[in-house]
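Just so you know, these numbers come straight off a predicted model, no measurement behind them.
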Number of protein chains: 2
Amino acid sequence: MRRQSAVQKPEISTRDRILNAAVLRFSRRSYEETGLRDIAADVGIDVSYVHRCFGSKKRLFAEAVEAAIRPVHLPTSGTGEVACSLAQQVFARDATRSHGNIGPLDIVVRSFASEDAARVVRQFILKDFINPLAEKLDQPAASRATLIAAFLAGVRIFRNVLRIAPLFKAERSELEGLIANVIEEMMKVDPVAQGHRRLTG
Amino acid sequence: MRRQSAVQKPEISTRDRILNAAVLRFSRRSYEETGLRDIAADVGIDVSYVHRCFGSKKRLFAEAVEAAIRPVHLPTSGTGEVACSLAQQVFARDATRSHGNIGPLDIVVRSFASEDAARVVRQFILKDFINPLAEKLDQPAASRATLIAAFLAGVRIFRNVLRIAPLFKAERSELEGLIANVIEEMMKVDPVAQGHRRLTG
DNA sequence: TGCTCCGGTCAACAATCGTTGACATAGATC
DNA sequence: GATCTATGTCAACGATTGTTGACCGGAGCA
């Protein structure tokens, strides 16, 4: 019924509306807790059409992850700027999808536990975050980049999923300062000279 | 049929066998992916008895978390020792429940996505980890302790749940060195003096 | 007019889930 | 022996899930 209304209205397609609804749902609840019927109800259509558009729940989820994430912005300048930028981005919420405090990261961190979802998420984290970041780091670059990713994911989980009080209520600028410092530490410290010193026993 | 067999054999109760099986299942799969029938099958009994013993799936999960976790060991000495100890414990696997690479932390990090499970997990993290750790830290102690917890959780998730290659395959001692350093940094750096310097713009 | 394709609905499938209540068995107690 | 209670089993409930196939209205085309 909702055909191109006379003129050239951009008029987002039903498929994209499903995708948007899916991103929001998957960002707020776990993969299993989110039903296709919920998503269909958001758009105002029947479940079967969701399935017809995307083939399966797993594929819809994969497309939702791909649609939600956007490339992480990594400044080309020194380590300090990179650290600060990452610290800010971990708190960023999505500008366009401004419902609640949902950001593009949340759909990723919500979906670790389920095997179906984890496969999708793992690929994204490696390709779109760890690998680009590792190019900016000293050896062992891959380990450093992964630890940074794990830290950011942990912070986002504690703050937005578990809603642990100290991270949920604390002043954002204070946290950003702490986090930026930690990230900078992860980027530059030599593990052999400083890290192993206490680990012999 | 399995009464105290004549003498004083310790003979673990069926209830505890259910609990053990639940810990393993919940550590390996998400809360929703784990069915009561799977747990019952592990023990070799009927589903209904699982339900009769624990009242509901949610309560069984809560008891499983409580049974799986054990108090984190915090050395009383300096920050360096605490950092090293935490770095080692994040890689520790459970000695008694030695199936696979399952450790007491995994049931926690597997289950944060589901709301039912998150409520249980949140309480444990605050009471048994963040609060004891915060007593050893400078202000803002709660924020620091929570960031450390988030970091450790992130590392465990990336390594044991997502199985991200760099953390999954890297040399353990190398990672421990990096992690211990990062934790020490989180414990002692003054956020106002060092953290805010770049965040004014 | 007739045909076909797109966008979408409707009803139902088979499976799985947590949950419930009725019933069985075996010791312990009286 | 009769009764009670702990330890289980069995069968089924109602709800929800992802999934499937039949169907339908309207637009475009010949």
S.K.: Apply ring-ring contact (aromatic ring centres under 6.0 Å, His included) to A:Phe61 and list each qualifying residue two or more places apart in sequence or on a separate chain.
M.R.: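 With sequence neighbours excluded, A:Phe61 shows a ring-ring contact (aromatic ring centres under 6.0 Å, His included) to A:Phe26, A:Tyr31, given in chain and number order.
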S.K.: Could I get the full list of side-chain hydrogen bond (donor to acceptor under 3.5 Å, both in side chains) partners for B:Arg15, not counting sequence neighbours?
M.R.: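 Listed in chain order: B:Glu63.
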S.K.: Side chains of residues 42-50 of chain B: which donor-acceptor partners sit under 3.5 Å, not counting sequence neighbours?
M.R.:
| from | atom 1 | to | atom 2 | distance (Å) |
| --- | --- | --- | --- | --- |
| B:Asp42 | OD1 | B:Arg25 | NH2 | 2.9 |
| B:Asp42 | OD2 | B:Arg25 | NE | 2.7 |
| B:Asp42 | OD2 | B:Arg25 | NH2 | 3.4 |
| B:Asp46 | OD2 | B:Ser48 | N | 2.9 |
| B:Asp46 | OD2 | B:Ser48 | OG | 2.7 |

S.K.: Which letter, B, S or -, goes with each nucleotide of nucleotides 9-20 of chain C from 5' to 3', with contact meaning a protein heavy atom under 4.0 Å?
M.R.: BB-B----BBBB
S.K.: Nearest whole angstrom, please: distance from the C1' of C:dG8 to the CZ of A:Arg17.
M.R.: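 Between C1' of C:dG8 and CZ of A:Arg17: 12 Å.
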S.K.: Separation of B:Arg15 atom CZ from D:dG8 atom C1', in whole Å?
M.R.: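 These atoms are roughly 15 Å apart.
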S.K.: Name all pairs fulfilling the side chain to side chain donor-acceptor pair (under 3.5 Å) condition that reach into residues 122-138 of chain B, sequence neighbours left out, sorted by first residue then second.
M.R.: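 The answer is none; no pair qualifies.
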S.K.: In chain order, what residues pass the side-chain hydrogen bond (donor to acceptor under 3.5 Å, both in side chains) check against B:Thr34, with sequence neighbours excluded?
M.R.: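 Applying side-chain hydrogen bond (donor to acceptor under 3.5 Å, both in side chains) to B:Thr34 gives none.
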S.K.: In whole angstroms, how far is the C1' atom of D:dT7 from the CD1 atom of B:Ile18?
M.R.: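 In whole Å, D:dT7 C1' and B:Ile18 CD1 are 11 Å from each other.
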